[in-house]
Amino acid sequence: MKSKLSTKILKNYATQLMTKKAMYAMAIALLATNVDAQKKPLDLTVFDEWQSIGMKELSHNGSWVAYQVNAQESDNTLHFFGLKTDKDLSFHRGEQSVFTSDSKFAIFKIRPFYKDLKLVRIKKKKENEIAKDSIGILNLATNKVEKLPSIKSFKTPKKGGSFLAYLLEKEELKKDKKDQDSVKSKDKSAKSEGKDKKDTPLELVLRNLISGQKKSFKNVVNYEFSENGKQFIFSTKQEKKDSLDKTKYGVFLVNTATFAQKQLVDTIGDFKQFVFDEAANKIAFVGTSDEEKKENKTYFLYYTSTNNPQQIKKTELSGLKKDWQVSENRQPKFSKDGNSLFIGLMPKLADKDTALIAEDYAKVDIWSYKDDFIQPQQLKNLDREKKRSYLGVIDLSNPQKVTQLADLDMNQVEILNEGNSNFALGTSDNAYRLVSNWDLTGRRDYYIVNIKTGQRELFAKGLAGKVEVSPNGKFVVFYNAENGLWSSYTIETKETKVLNKKLKVKFYDEENDSPTLASEYGIAYFTDNDETVLIKDRYDIWEFDLAGNRRPENITNGFGRKHHITFEINPLNEDVKTLNRDVLVYLSAFNTLNKQSGVYQTVISKAKNPEEIVMSNTWGIQKMTKALNGNEYIYTKESFQNSPDVYVTTNFKDEKKVSSINPQQKDYLWGNGELVSWKTYSGKEATGVVYKPENFDPTKKYPMIVYFYEKLSDNLNRYQAPAPTPSRINHTYFVSNDYIVFTPDISYTIGHPGKSAEDYINSGVEALKKNTWINGDKIAIQGQSWGGYQVAHLITATNLYAAAWTGAPVVNMTSAYGGIRWGTGMSRQFQYEQTQSRIGKTLWEAPELYIENSPLFNMPKVTTPVVIMHNDEDGAVPWYQGIEMFMALRRLGKPAWLLNYNGDDHNLIKRANKNDIQQRQQQFFDHYLKDKPAPKWMTEGVPAISKGIDWGFDTEAVKD
């Protein structure tokens, strides 16, 4: 039994201990406060240098990583990281890197200085004043780099060792010198950027990077390697002052082992679209000897063997339809076995009558109700249609005869099994073009085409869905959106078997809330030898026997649906067409509830619960690719707090962090995101994300900005770099500046998109207002495009918000319904009937719904100050919609401002405009949510006479 004294001593000790703990905790808290106090809120000056990860790739052997670090308004940097040595080689202004197929060298471009390129745009310099790109040649064994100035372009063979070819710019024709490990002053004095005149003949240099052998060729315009690097071909063009020496012009073949050169064509003309067969034993290309000034030239096919190359003449093809010719716009393609050659064909184009005087004739677009596509869409796609190629095939046992596979009735044909199949897949949308102006189901007729005879056999008529052909060309797998079924069609036997008919699980979008056919989750992969196909439901992956002899297997065993995890199989690289059923497969994973992501592993043939390797509060690990000849995987990871960085692993348990960008972030206040849930007014479960400042204090009251666009909660762990906005709000920027940002998810009731927005957004705001740290009188909303429409609607339905900002909103669905999306030339009707607007009926079927969902008719109810951004070159939403909204509010005496960034698009493209709107957004929200003085552009406006002189950013001394 303890004595009273010992008990007292213990109590005193415990009290002292607790006091020490409290003091220690207080000290930690004070230290944290001091650390936070040293951090700054983000401001408008920090954007330009903020970095992001651009391209990233592994060398074929997996030993090296190339990745690009991009700055917003400065020079980029290219890095090469040695995974075995941890050596990091960086090259200022480097980009577009290519590893040679033997992983011994890396080739990359070196751009002129960003500041100089910017001056070019500002001063509009002439072509001869424009600085040129350079290239770097990095030896991965020695880490030494050779830099060559003024290079127009370069190429390496895809699978053929360390060969390099490059075209020299004009000013460097006499200077091709090596420069190990340094860049001479010429490279640093680059002034500007630009494009040379098309097909300017230049000097070409061909090099063997291993042996050092090098050869130059004059007046080159087009060039290409064979895939295996054994052969090299180029064409030359006559310079204006050059002689007509036939030995100098035409097409030339070079054996890269010996650099021996052979002239294939001795005609002056235009020769291009070079292609070799896989073994580099055959070569084909297209060419013309027509005069350069001729508007529509006649192109011919050229074909020969590389084993004993002789001079060749154009091939006079039989089998061509009347008034058809070989297309210059499609590269020929040999079948994998080299026995067939696929070429592009096209109708001959009519020449304009050059004798006509333009001023004497009208320029008129004639719109007809019988047109497949309306005139704006035709004009938008005019250049593409002029260059459209239609597939034909030549059996090389009879190289003078072509079998036309595609034509105007069936304009798309896809070869199967890399051309080794006797069949091809043909598609036609001709019968559905007119309705496609308002119906986006994308119906098509699908055919199997016999490549020997050109005969077509229809196997799916008017299909709305998805079609893929198995890699070996034995099966067509297709999804019918009208019944949600996947089917397999055996090409040889012409049998169709439904794959998922007896399964209860849905293989289409379970959350589809649009009056359209639900889209499929898609095909994940095929397995080897066309044995099975892997198809996704919302969460899991299923295996189906393509012949229909075995029952389907859920290869993830229902684990995904049970745990709300979506599994994917990433396309590892372009050469991986199929998967081995008995080999370990990595699955990227995303938890739809807590938004974690990571990687699992499984074996397809075992069809059991996949094994978790890693799951975390990150984003990006799903987007992984694999080294072609190694076991290394590359990916990026990010979170709201951590900018994306590059990682490499062989097993996803141990990973190596390769990059480390944005170290300056430690100096700035950031934020944290957390999921929130509530019930809507109609009793539905709702989800959103609340972003809080890094130094969040629950005893304070914060103003809040609500931003929305369909569903955004999956972005919980996405990084948002500080950047001037193209039209939305930058969450990070406002959170750093002591705002709460809320992004609610929205689901829609067909016919009532406006009321759906009220149900989800307003109920979410009301739920958050119950927290003492939200200032309920200082809440704003912001949205762009579809979100902009919802802003416009909400301010007519509630006075809940102290301020609103809407970008490119549709406010009058009755007038917008008959408009044009000028960016594509398409009619806008589909958008209101089937997609985002979700009305589900035509204007004539349900005029009351179009009026109900048009905020313009309720503008007298608005009490919220609002800024409208709508630009005069908006290619998605006609900018008169913003004008209609502003003119209504102005007439009604409501506080409203309209920003029209001259010549800019739906989302701002020009950097200066992004900077401008970022500042105006902050001033607007600071005024209405933080009681800061209003700027002059809000209190007085900026009259036209002051445009370009006074931007109105100055604030008044006293709040009005």
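Side chains are part of it too, since the values below use all heavy atoms of this structure and drop only hydrogens, waters and symmetry mates. Nothing fancy with the numbering, it's 1 onward along the sequence.
- Ring geometry, Trp786 versus Tyr789: the interplanar angle falls under 30°, so the pair is classed parallel (tilted spans 30 to 60°).
- For the residue pair His870/Gln881, the side-chain donor-acceptor check at 3.5 Å is not satisfied.
- Proximity of Gln782 to Val706: side-chain heavy atoms (C-beta onward) are nowhere separated by under 4.5 Å.
- Defined by atom type and a distance below 3.5 Å, a donor-acceptor pair is missing between the side-chain atoms of Gln641 and Glu694.
- Using a cut-off of 4.0 Å between Lys/Arg side-chain N and Asp/Glu carboxylate O, Lys623 and Glu638 are scored as not salt-bridged.
- Ring centroids of Trp619 and Phe590 are separated by less than 6.0 Å, placing the two rings close together.
- For the residue pair Gln923 / Tyr928, no side-chain donor-acceptor distance below 3.5 Å is found, with atom types taken as modelled.
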task: Let me see the working for Leu929 and Phe924 under side chain to side chain contact (heavy atoms under 4.5 Å, CB included), right down to the final yes or no.
output: CA-CA 8 Å; Leu929 303 188; Phe924 178 74; over 6 Å; no
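- Counting only N and O atoms by type, the side chains of Lys637 and Ser616 include no donor and acceptor under 3.5 Å apart.
- Between the Ser514 side chain and the Thr516 main chain, no donor and acceptor come within less than 3.5 Å of each other.
- A donor-acceptor contact under 3.5 angstrom links the side chains of Gln834 and Asp439, judged on distance only.
- Using a 3.5 Å distance cut-off with no hydrogens or angles, the side chains of Thr618 and Asn717 do not pair a donor with an acceptor.
- The residue from Gln51, Glu49, Arg911 that alone fulfils the side-chain hydrogen bond (donor to acceptor under 3.5 Å, both in side chains) condition with Gln72 is Arg911.
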task: Might you work through the side chain to side chain contact (heavy atoms under 4.5 Å, CB included) test for Asn76 and Val69, ending with a clear yes or no?
output: CA-CA 6 Å; Asn76 301 330; Val69 177; over 6 Å; no
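- Aromatic pair Tyr707/Trp805: centroids not less than 6.0 angstrom apart.
- In this structure Arg890 satisfies the salt bridge (Lys or Arg N to Asp or Glu O under 4.0 Å) test with no other residue, sequence neighbours excluded.
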- prompt: Please walk me through it: do Phe953 and Trp937 pass ring-ring contact (aromatic ring centres under 6.0 Å, His included)?
  reply: CA-CA 6 Å; Phe953 289 127; Trp937 67 269; 7.8 Å; no
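- Side-chain N/O atoms of Glu758 and His793 include a donor and acceptor closer than 3.5 Å.
- Asn617 places no side-chain N or O within donor-acceptor distance of the main-chain N or O of Ser639, the cut-off being under 3.5 Å.
- Residues Leu712 and Val689 form no side-chain contact, since every pair of their non-hydrogen atoms from C-beta on lies 4.5 Å or further apart.
- Residue Lys595 qualifies as enclosed at atom NZ: its count of foreign heavy atoms under 6.0 Å is above 12.
- Residues Arg838 and Glu833 are not paired through a salt bridge, judged by the lack of any N-O separation under 4.0 Å between the basic side chain and the carboxylate.
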task: For the pair Gln918 and Asp916, evaluate side chain to side chain donor-acceptor pair (under 3.5 Å) and give the outcome as yes or no after the intermediate values.
output: CA-CA 5 Å; Gln918 182 74 40; Asp916 184 276; over 6 Å; no
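- When only modelled atom types and interatomic distance are considered, Asn662 and Gln664 share a side-chain donor-acceptor pair under 3.5 Å.
- Separating the CZ atom in Arg728 from the OG atom in Ser785 is a distance of 10.0 Å, to the nearest 0.5 Å.
- The salt bridge (Lys or Arg N to Asp or Glu O under 4.0 Å) test applied to Asp904 returns no partner, not counting sequence neighbours.
- Of the inter-residue distances, the one linking Lys39 atom NZ with Leu669 atom CG reads 6.5 Å to the nearest 0.5 angstrom.
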query: Which is it for Phe47 and Tyr733 under the ring-ring contact (aromatic ring centres under 6.0 Å, His included) test, yes or no, and what are the steps along the way?
result: CA-CA 10 Å; Phe47 297 154; Tyr733 181 84; 5.7 Å; yes
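- Looking only at side-chain heavy atoms (C-beta outward), Thr592 and Ile565 stay at 4.5 Å or farther from each other.
- The environment of Lys770 atom NZ is sparse: at most 12 non-hydrogen atoms of other residues, nucleotides or ligands sit within 6.0 angstrom.
- In this structure, Asp872 CG and Asn902 CG are separated by 5.5 Å, a value rounded to the nearest 0.5 Å.
- The distance from atom CD1 of Ile729 to atom OH of Tyr739, rounded to the nearest 0.5 Å, is 10.0 Å.
- Taking the side chain as every heavy atom from C-beta outward, Arg920 and Val867 never approach each other to under 4.5 Å.
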- request: Show your working on ring-ring contact (aromatic ring centres under 6.0 Å, His included) between Phe696 and Trp773 and close with a plain yes or no.
  value: CA-CA 9 Å; Phe696 175 75; Trp773 37 269; 5.3 Å; yes
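- The line from CD1 of Ile795 to CD of Gln790 is 13.0 Å long, rounded to the nearest 0.5 Å.
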field: Ile740 and Tyr691: CA distance, side-chain angles, deciding distance, side chain to side chain contact (heavy atoms under 4.5 Å, CB included) verdict
entry: CA-CA 6 Å; Ile740 300 289; Tyr691 297 93; over 6 Å; no
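- A distance-only check finds no donor-acceptor pair linking the side chain of Asp738 to the backbone of Pro693 [under 3.5 Å].
- Not counting sequence neighbours, the partners of Asp926 by the salt bridge (Lys or Arg N to Asp or Glu O under 4.0 Å) test are Lys932.
- Within 6.0 Å of NZ in Lys701 there are more than 12 heavy atoms belonging to other residues, nucleotides or ligands.
- A distance below 6.0 Å separates the ring centres of Tyr817 and Tyr850.
- A side-chain donor from one of Gln68 and Asn70 sits under 3.5 Å from a side-chain acceptor of the other.
- Asp759 and Thr680 share a donor-acceptor pair across their side chains, judged by distance under 3.5 Å alone.
- Cation-pi geometry between Lys936 and Trp951 is not met at under 6.0 angstrom from the ring centre and within 45 degrees of the axis.
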- prompt: Should Thr864 and Lys894 be marked as a side chain to side chain donor-acceptor pair (under 3.5 Å) after you check the CA-CA gap, both sets of side-chain angles, and the distance that decides it?
  reply: CA-CA 8 Å; Thr864 306; Lys894 311 286 185 177; over 6 Å; no
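- A side-chain donor from one of Glu884 and Ser815 sits under 3.5 Å from a side-chain acceptor of the other.
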task: For Thr725 and Gln921, run side chain to side chain contact (heavy atoms under 4.5 Å, CB included): C-alpha distance rounded to whole Å, both residues' side-chain angles, the deciding distance at 0.1 Å, then the answer.
output: CA-CA 9 Å; Thr725 176; Gln921 269 192 358; 3.9 Å; yes
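- The structure places CG of Asn594 at 9.0 Å from CG of Leu716, a figure rounded to the nearest 0.5 Å.
- No side-chain donor-acceptor contact under 3.5 Å links Asp905 to the backbone of Asn907.
- A ring-centre distance under 6.0 Å is not found for Phe640 and Tyr719.
- Within a 6.0 Å sphere centred on CD1 of Ile949, heavy atoms belonging to other residues, nucleotides or ligands number more than 12.
- With ring centers used as reference points, Phe742 lies under 6.0 Å from Trp678.
- For Asp931 and Lys778, the salt-bridge test passes: some basic side-chain N is under 4.0 Å from an acidic carboxylate O.
- Environment of NZ in Lys711: crowded, with over 12 heavy atoms of neighbouring residues, nucleotides or ligands closer than 6.0 Å.
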